[in-house]
Amino acid sequence: MFDINNYLSEKKDLVDRALQQYFPPDHPFFGVMYYSLDTGKRIRPILTLASFEALGGRNLDVIMPIACGLELIHTYSLIHDDLPAMDNDDYRRGKPTAHKQFGEALAILSGDGLYAYAFELFSRGSNLIDERYRVIQTVSEAVGPKGIVYGQVLDIEEHKTADPKTLRKIHLNKTAKFICAPIKCGAIMARASDRTLAVLEKAGIYLGILFQYTDDILDVVGEKDRLGKTPGKDESAGKLTAPRVYGLSGARFRARRFAELAQGLFSSLGDQFVIFNRITDFVLNRSF
Ligand code: GRG
């Protein structure tokens, strides 16, 4: 019987092994960069592998540098998000944040290094050049000023009122675009049609909004000290979160609705996308 937890754990192991290969211990700064990369659910690279495989992609050598590059960018964003000038967090992924471990300067540089190294990985390989170009275009849009950087700018503003439209803008830019982009990257590398990419674009955004809903909900009701995060920190810092705008049960209701919207679209792409419905269920019900 198919078990989503086994699936995620097998894919995570593959990603973890590939990441280790990209960070050989002989480089003097790779250890610092790898410190922050060392744990995590690996959801973004798994989404890339899943869409690549759903569309018939088989060659891991083609997709792994791209999947792992996305994890590098995600990790850079976490390191910078944790800095004193931003969220000022002491723990991330169950251990002291990079700036607590190495000081601010090296933390900033390790984020910068991960970000640039990701693009080196995206451009590795002498085949599928047009597809690689589209991957770079897709990722840079999702993580730049039209994506997570803008989301972060909105997120660190003080929000005196619980405005649903602003919440939607934060969720879309801070999180959803960079959940959607990995799905699209896998599809691009498998040479998906424009029609499939258009459906994945919408489904990926719904899945990404759902991802941030469950993150906001877990901030309120998650296990104490979830991987080092202080429960309720976001709400008490005046952040705009789904439970603050809609209440806990309203946020849960809407999360289920976003899951259904994503699943309807994934289902429309055929049986090979059923894995995305299981991943969506996992995101909806996750406890970490
Ligand atoms: C610094 C440009 C810049 C952006 C930061 C990533 C981010 C934007 C802020 C971190 C806080 C946050 C809640 C971001 C939304 C995305 C998100 C839910 C990140 C956590 O991702 P997971 O759950 O983490 O995939 P792991 O550790 O499992 O990889």
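One-based numbering, in listed order, for ligands and for the atoms of each. Numbers for residues simply follow the sequence, beginning at 1. Any value given below was found using the heavy atoms of this structure, including those in side chains, with hydrogens, waters and symmetry copies removed.
Ring pair Y117/F30: centre-to-centre distance below 6.0 Å. Aromatic ring centres of Y246 and F253: separated by at least 6.0 Å.
Side-chain N/O atoms of R278 and Y7 include no donor and acceptor closer than 3.5 Å. Q20 and D16 form no side-chain donor-acceptor contact under 3.5 Å, judged by distance and modelled atom types alone.
Interface of S77 with ligand 1, defined as ligand atoms under 4.0 Å from a residue heavy atom, comprises 1 (C), 4 (C), 5 (C), 6 (C). Every atom of ligand 1 is numbered from 1 in the order shown, and the set under 4.0 Å from a heavy atom of T175 is 15 (C), 16 (C). Atoms of ligand 1 found under 4.0 Å from any heavy atom of H80, numbered from 1 in the order shown, are 1 (C).
Using 4.0 Å as the threshold, F178 has no heavy atom nearer than that to any atom of ligand 1. Using a 4.0 angstrom heavy-atom cutoff, Y76 counts as in contact with ligand 1. Heavy-atom distances between D215 and ligand 1 reach below 4.0 Å in at least one pair.
Residue R93 holds the heavy atom nearest to atom 29 (O) of ligand 1 of all those in R42, R286, R93. Of the candidates K12, M86, K239, R44, it is R44 that places a heavy atom closest to atom 25 (O) of ligand 1.
Relative orientation of the F23 and Y34 rings is tilted, given thresholds of 30° and 60° on the angle between their planes.
For ligand 1, one of its N or O atoms has an N or O atom of H74 under 3.5 Å away.
For the pair R168 and F258, the NZ or CZ position fails the cation-pi test of under 6.0 Å to the six-membered ring centre and within 45 degrees of the ring normal.
For the side chain to side chain donor-acceptor pair (under 3.5 Å) with R92, the qualifying choice from D82, T97, T75 is D82, the only one to do so.
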